[in-house]
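Heads up: the structure comes next, in C-alpha cells.
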Amino acid sequence: MNPTKPAAQASGEEAVRSGRDTLSIVDNRTGKKYEVLITDGTIRAMDLRQIKVGEADFGLMNYDPAFTNTALCRSRITYIDGDAGILRYRGYPIEELAERSTYLETAYLILHGELPVRAQLEEWTYHVTHHTFIHESIKKFLEGFHYDAHPMGMMISTIAALSTFYPDAKHIFDAESRRKQTWRLIGKMPTLAAFAYRHSLGMPYAYPHHDLSYTGNFLNMLFKTTELKYRPNATLERALDVLFILHADHEQNCSANAMRNVGSSHVDPYSAAAAATAALYGPLHGGANEQVLRMLMEIGSIERVPEYIQRVKAGERKLMGFGHRIYKNYDPRARIIKRRAEEVFEVMGRNPLLDIALECERIALEDEYFVKRRLYPNVDFYTGLIYQSMGFPVTMFPVLFAIPRMAGWIAQWEEMLLDPEQKIARPRQIYLGPDQRAYIPIEQRG
Ligand code: ACO
C-alpha cells in the first residue's frame, strides 16, 4: 500500500479497480473526493477520519447518539429482521425453538453455535444443574437488604458479588475458565432470583433440586413450602421454559451492549453481567414488563382504555409494551407469548387484565398515531400477564427476563473477547463546553 495515501482512500481505489462496492464522498469544504469501501452494507467510521480541511484537523467523525445507525460488531449469534418480524438464534427460527426446544438446549445453541447431540446436551445439563448452589455467604448479602428491596437490585448486587467468590473468573482468555463461569452464571441465576424472592417474603430459602428441569427447579426454589418433594405443574413449567427461550438473546440491545462494553475492559464476566443486569432493569428495556402491568392496573377497566390512549397520543404517557427500536412489525415473541398465555390461564384462571390489554392492542393497531409510527406490541406486552397469573409479583418480572438472558449476554461477551477487531469500547464526543479559562478564587466569583 502506498504509505502516503490514507488507508481508506487506497483501499477505496483498489476496490474501484476490482469492481467492488464503494462510496464516493465529495467534501464540499475542500472539493476533495474520497472513495470508501462498502462491506456488508457498511462503511468503516475510521475511513472517514482521512477527510480533513487541513493538516491540524482531527478528521471527520460520525455522530450517532444512541447508536441508531452504527454496527458495533460482526456477530454470528442472533438475526433480527425488524421489518419482517423475524428472529433467529444461530439461524433457527424462534417459532421452531419455542415449539420444539428447551431453554437449556437453546442456551447451548446460542453459546456454542450448534444444537447439541444427545451426549453434549446431557453433559451441559449436568454441569449447569450442578452449579446451581450458591455460597452460603451470598445469603448474608441478601439478608442485608430490606424486605421491600427490589429483586433486580438484589440480583445486580449478588451477581457482582459472585466475582469475589470465583477469582479464577478473571482469566477471561482461558477457555476452560470461561466454560466454568458460564455453567456457574447460568446455573446460579435462578437460585439468586428465587432467594431474592423468598427474602422479600421472609420465607426460608428452598435449595436447588438436581433431578428437576431448569425451570422446574426454579419453580421449586420459588414456591416450595412443606412438601417433601416439590412437583411443578407441567404446563407452567413448560410455559416458563418457552418464555425463557424467547428471552435468551436479542443481538445488540441495551443490556448486551452493556455486557460487551463493560467486558471490553477485560473485567471478569460476573462484573460485566452485573452491568448488563443493571441495563436490563431500566423501564425502557427489561423493566417494561413491570411497567405494562402497572399501566394495565392504572387503566383499570376496558371502558377507560380510549381515555388512556388519548393521553398517550397527547404525549402524557407511553403505551408500555409497545414500540421497539428494531421491530417495526409485530414482535414475533409477542405472538408466541399471546398463545402461551391461554394455556397458563387454563391452569391458573383468566387474568382479568387480559381484556384491558387486548382492548389496548385492538385500538392501537387501528389508530393512526400507532400505525404511522409502526408501534406494535413487543415481547413485554403479554409476558407480565402470564407472570402475574403464575403468582409472581410485578417486581419479579424483570428478574424473569434477566435469568434466561444470561445465555445471550455470555455469548455476546465471548464473541467480543475473541474478535480480533475489538478493543476497549471508547466512543468519541463533540465537545461543546467552554474553552480554556483561568481558575477564579472563591472570593472573586460574582
Ligand atoms: N407509546 C407511545 N408512543 C411511542 C411509544 C410508546 N410505547 N414508543 C414510541 N413512541 C413514539 C415516540 O414518542 C416517537 O414519536 P414522535 O416521532 O412523535 O416523537 C416515535 O414513536 C418513535 O419513538 P422513539 O422513542 O424514537 O423510538 P425508539 O426506537 O427510540 O424507542 C422504545 C424504542 C424505547 C422501545 C420505545 O418504543 C418505548 O419507550 N416503548 C415503551 C417501553 C417498552 O415497551 N420497552 C420495551 C422494549 S422491548 C425490550 O427491551 C425487551
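Everything quoted here is computed from the prediction, not taken from an experiment. Start at 1 and go down the list; that is how both ligands and their atoms are numbered.
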Answer with yes or no after comparing the ring centroid distance for F195 and Y207 against a 6.0 Å cut-off, counting only values under it. yes

Is atom 25 (O) of ligand 1 near the protein, in the sense that some protein heavy atom lies at less than 4.0 Å from it? no

Steps toward side-chain hydrogen bond (donor to acceptor under 3.5 Å, both in side chains) verdict (D380, Q291): CA-CA 9 Å; D380 291 318; Q291 299 307 323; over 6 Å; no

Can you confirm whether something in the protein, heavy atoms only, sits under 4.0 Å from atom 29 (O) of ligand 1? yes

Please state which part of N253 comes within less than 4.0 Å of ligand 1, counting heavy atoms only: side chain, backbone, both or neither. neither

Best match, V292, L319, D331, T383: closest heavy atom to atom 6 (C) of ligand 1: L319

What are the atoms of ligand 1, with element, lying closer than 4.0 Å to any heavy atom of F401? 51 (C)

For atom 2 (C) of ligand 1, grab the closest protein heavy atom and report residue, atom and distance to one decimal in Å. V312 CG1, 3.4 Å

Tell me which protein heavy atom sits closest to atom 35 (C) of ligand 1, plus the residue, atom name and distance to 0.1 Å. G323 O, 3.7 Å

For atom 18 (O) of ligand 1, which candidate among R317, R373, R311, Q291 holds the nearest heavy atom? R373

Protein heavy-atom partner closest to atom 39 (O) of ligand 1 - residue, atom, separation in Å: K318 NZ, 2.6 Å

Tell me if the centroids of the rings in W124 and H112 come within less than 6.0 Å of each other. yes

Does L142 offer a backbone N or O that forms a donor-acceptor pair with the side chain of H199 under 3.5 Å? yes

Protein heavy-atom contact under 4.0 Å for atom 22 (C) of ligand 1? no

Does the N or O separation between L284 and ligand 1 drop below 3.5 Å for any pair? yes

Using the six-membered ring of Y369, assess whether NZ or CZ of R373 lies under 6.0 Å from its centre and within 45 degrees of the ring axis. yes

Counting only heavy atoms not in Y147, do more than 12 sit closer than 6.0 Å to its OH atom? no

Nearest protein heavy atom with distance in Å, relative to atom 49 (C) of ligand 1: D380 OD2, 3.7 Å

Check this for me - ligand 1, Y369, N or O atoms closer than 3.5 angstrom, yes or no? yes

Just checking, is any N or O donor in the side chain of T106 or S101 under 3.5 Å from an acceptor N or O on the other one? yes

Do F223 and F392 have ring centroids that are under 6.0 Å from one another? yes

Any heavy atom of F381 sitting closer than 4.0 Å to ligand 1? no

K313, NZ atom: more than 12 neighbouring heavy atoms under 6.0 Å: yes

Atom 32 (C) of ligand 1 protein-contacted, heavy-atom criterion under 4.0 angstrom: no

How about atom 8 (N) of ligand 1: does it have a protein heavy atom within less than 4.0 Å? yes

Whether over 12 other heavy atoms sit under 6.0 Å from R76 CZ: no

Measure from NZ or CZ of R198 to the centre of the six-membered ring of Y205 and say whether it is under 6.0 Å with the direction within 45° of the ring axis. no

Are I38 and T22 close enough that some pair of their side-chain heavy atoms sits under 4.5 Å apart? no

Starting from atom 10 (N) of ligand 1, what is the nearest protein heavy atom, named by residue and atom, and what distance separates them? L375 CD1, 3.7 Å

Per-atom filter on ligand 1: closer than 4.0 angstrom to a heavy atom of V379 are 51 (C)

Atom indices of ligand 1 within 4.0 angstrom of G321 heavy atoms, with elements: 43 (C), 44 (O)

Nearest-neighbour protein heavy atom for atom 47 (C) of ligand 1, which is reported as residue plus atom name and distance: N378 ND2, 3.6 Å

Ignoring angles and geometry beyond distance, decide whether P283 reaches within less than 3.5 Å of ligand 1 through its nitrogen or oxygen atoms. no

Atom 42 (C) of ligand 1 has as its nearest protein heavy atom M320 CE, 3.5 Å

Report yes if some heavy atom in the side chain of F381 is under 4.5 Å from a heavy atom in the side chain of K338; otherwise report no. no

Based purely on interatomic distance, does F322 place a nitrogen or oxygen under 3.5 Å from a nitrogen or oxygen of ligand 1? yes

In the protein, what heavy atom is nearest to atom 27 (O) of ligand 1, and what distance, to one decimal place, separates them? R325 NE, 4.9 Å

Would a 4.5 Å heavy-atom cut-off, applied to side chains only, mark V394 and R294 as touching? yes

Looking at H210 versus Y126, is the centre-to-centre ring distance below 6.0 Å? no

State the atoms of ligand 1, each with its element, that fall below the 4.0 Å cut-off from a heavy-atom position in A288. 43 (C), 44 (O), 45 (N), 46 (C)

Among Y79, W409, Y89, Y327, the one residue meeting ring-ring contact (aromatic ring centres under 6.0 Å, His included) with H250: Y327

What about H285: any of its N or O atoms under 3.5 Å from an N or O on ligand 1? yes

Determine whether any protein heavy atom is located less than 4.0 Å from atom 45 (N) of ligand 1. yes

